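Small disclaimer: the values here were computed from a predicted structure and weren't measured. The sequence lines fix the lettering, A, B, ..., with proteins before strands; numbering per chain opens at 1.
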Amino acid sequence: MEAGQTYLDEMLFAVLPYIALALFFLVSIQRYRAQRFTYSSLSSQFLENQRHFWALVPFHYGILTVLTGHVIGLLIPRQVLAFNGVPLRLYILEGTALVFGLLTVVGLVAILVRRWVFVKARTVTSPSDWVLYGLLLVQAVSGVYIAVIHPWGSSWFAAAASPYLWSIARLNPEINYVVALPWAVQLHIVNAFVVIGFFPFTRLVHILVIPNQYLWRRTQVVRWNWSPHSRRLPR
Amino acid sequence: MNDVTSLERIQSWVESEGWAAILAALLLVVVGVSPARAESPEDFFRQNCASCHTIGGGRLVGPDLKNVGQRQEGEWLVGFILNPQARINSGDPYAQQLLDEARGVVMPTVPGISRARAEALLTMIAEQSAMERSEFAGSKISDRPFTEDDVRMGREIFIGRNRLAAGGPACASCHTVNGLGGLSGGRLGPDLTKVYERIGSRPALAAWLQGPATTTMRPVFAGHPLSDDEILSLVAFFENAARAADDDSTVPLLNFFLMGLLGTALALAILDGIWRRRFRAVRRPLVDAS
């Protein structure tokens, strides 16, 4: 260990990522093999769907867009930096990212409120769900905080975070990139690895088994065998 | 067929000893993490010290280190190098004098420093001090007067419109300067409006830019050093910026956040519009009937 880096830094930025990744891969595979029928996100939309809309839709569009942005910064950092060389492009990119980050937070808060207030939804919420929602809320709120207080993340992610993450992939973590960053950024990084490690123990595994073929399979016709105007199910 | 049976054996082992297998793999991964590197004292000095110190080239942010070993005892110097802040806090009068001469800029603890390295550095500095002209005797940056073109070029480099030749990221990724316009520059690192005054002089700022030595900037620029021309333009830009008027730097932040909130409200309205028929059809009757 080099001076200027504490033991804690080493643990959080050089060891935790590997524990998280190992848990992610090994437990995901093990759970798929041993408990295949738990491999989903238990739906609660049939319990009610008014509040559910404001939770489900903003959250998923928000998080998917923001995650994609992180992956792009990781894969083509030099191109992102070149793109950001024109201030207007940078501002539009950052503004868009902030909007989708805020959508994620709105969705998460709506999820938490609905799961807590609506008793039927609360009943089907497991302890692992609550922990996960807490972690995701920390992640989304810290992300928005960073976007506003420490701009411009799309540029400095490409410059400093991307090489750090690649150094982890090369099995030679260079934690100097991150040990002196502001606390919110460090929290965001550490919490991200916690989420990755916790991933296979949660409903997040549905990400690995999304029925993508729904996007191109033939539509299914649903027919009711009673008058749709009566709005009543046969008892 | 042999393959299948051995695969099955592994599968059944993982099933019966699943957690043991995971723990064993985890241990392997954790034990495998151990970086190590070796560097000559000269390279180390160039990367970590030359941004603030010369050997025989006069004062930059920090003092000229020529014959430093004759001004102070070796053991004191090693202690100071290992943890400058602690030595200053201890009330040591010589450390206080150094701090005053550096106009309050505290020398950072250098990443990767160790007792052995500090001693090797002092030996190297003594050798270089004995030379007629040390290889660390100062920057090669021109001292011609700055022109408006220099300032304009520096601004383009700062923003990133003019890309750094060696591929380093633009300053505005992490730093801002008053009067940049728009939503201003980044705020991961410090505001650089007054950096020219803080660092104190053209050669000092130029030397600093030759090898930025903070913990975060060092690795980012290690493989992408700035050229002498780029440094000259940037120093001109910073010298100009330090004379700019003060303005409230929180305004762009607030504007950015408000734009984000507005955009989010708009996005929610759009989503609501797209799915406005969402409560009809299949689910609603089911929910109502439950």
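With a threshold of 4.5 angstrom between heavy atoms, A:Ala97 does not approach chain B through any atom at all. B:Arg161 touches chain A through backbone and side chain together, each having a heavy atom under 4.5 Å away. Contacts of B:Thr214 with chain A are absent, with no heavy-atom separation under 4.5 Å from either backbone or side chain. Contact of A:Tyr61 with chain B is made through the side chain alone, with heavy-atom distances under 4.5 Å. For B:Ala172, the part sitting under 4.5 Å from any heavy atom of chain A is the backbone (N, CA, C, O) and nothing else. Both the backbone and the side chain of A:Pro58 have a heavy atom closer than 4.5 Å to some heavy atom of chain B.
Among the candidates B:Ser173, B:Pro169, B:Gly186, B:Gly160, the residue making the largest number of heavy-atom pairs closer than 4.5 Å to chain A is B:Ser173. The residue among A:Gly62, A:Pro77, A:Ala159, A:Ala158 with the most heavy atom pairs within less than 4.5 Å of chain B is A:Ala159. Among the candidates B:Ala267, B:Ala170, B:Gly185, the residue making the largest number of heavy-atom pairs closer than 4.5 Å to chain A is B:Gly185. Interface summary for chain A: among B:Leu268, B:Leu254, B:Leu261, the most heavy-atom pairs under 4.5 angstrom belong to B:Leu268. Ranked by non-hydrogen atom pairs under 4.5 Å with chain A, the options B:Thr176, B:Leu262, B:Val220 are led by B:Val220. Taking chain A as the reference chain and counting heavy-atom pairs below 4.5 Å, the highest number among B:Leu266, B:Leu180, B:Asp272 is found for B:Asp272. Of the listed residues A:Phe100, A:Tyr164, A:Phe25, A:Tyr91, the one with more heavy-atom pairs under 4.5 angstrom with chain B than any other is A:Tyr91. Taking chain B as the reference chain and counting heavy-atom pairs below 4.5 Å, the highest number among A:Leu90, A:Asn84, A:Val57, A:Ile29 is found for A:Val57.
The side-chain contact (heavy atoms from CB on, under 4.5 Å) test with B:Thr215 singles out one residue from A:Asn176, A:Val178, A:Leu181, and that residue is A:Asn176.
From A:Tyr145, atom OH reaches atom CZ of B:Phe257 across 12.0 Å, with rounding to the nearest 0.5 Å. In this structure, A:Thr96 OG1 and B:Met259 CE are separated by 9.0 Å, a value rounded to the nearest 0.5 Å. Taking CG from A:Leu98 and OG1 from B:Thr264, the interatomic distance works out to 6.0 Å, rounded to the nearest 0.5 Å. B:Leu188 contributes atom CG, which lies 12.5 Å from atom CD1 of A:Ile149 (distance to the nearest 0.5 angstrom). Rounding to the nearest 0.5 angstrom, the gap separating the OG atom in B:Ser184 from the CH2 atom in A:Trp152 is 6.0 Å. Considering CG of B:Leu271 and NE2 of A:His60, their distance stands at 13.0 Å, rounded to 0.5 Å.
At a threshold of 4.5 Å between non-hydrogen side-chain atoms, the residues B:Thr216 and A:Trp156 do not count as touching.
In plain terms, the two heavy atoms of B:Ile159 and A:Gly85 that are nearest each other are CG2-O, 3.9 Å. The two atoms that bring A:Arg78 and B:His224 nearest to each other are NH1-CE1, 4.3 Å, heavy atoms only.
Around atom CZ of A:Phe83, more than 12 heavy atoms belonging to other residues, nucleotides or ligands sit under 6.0 Å away.
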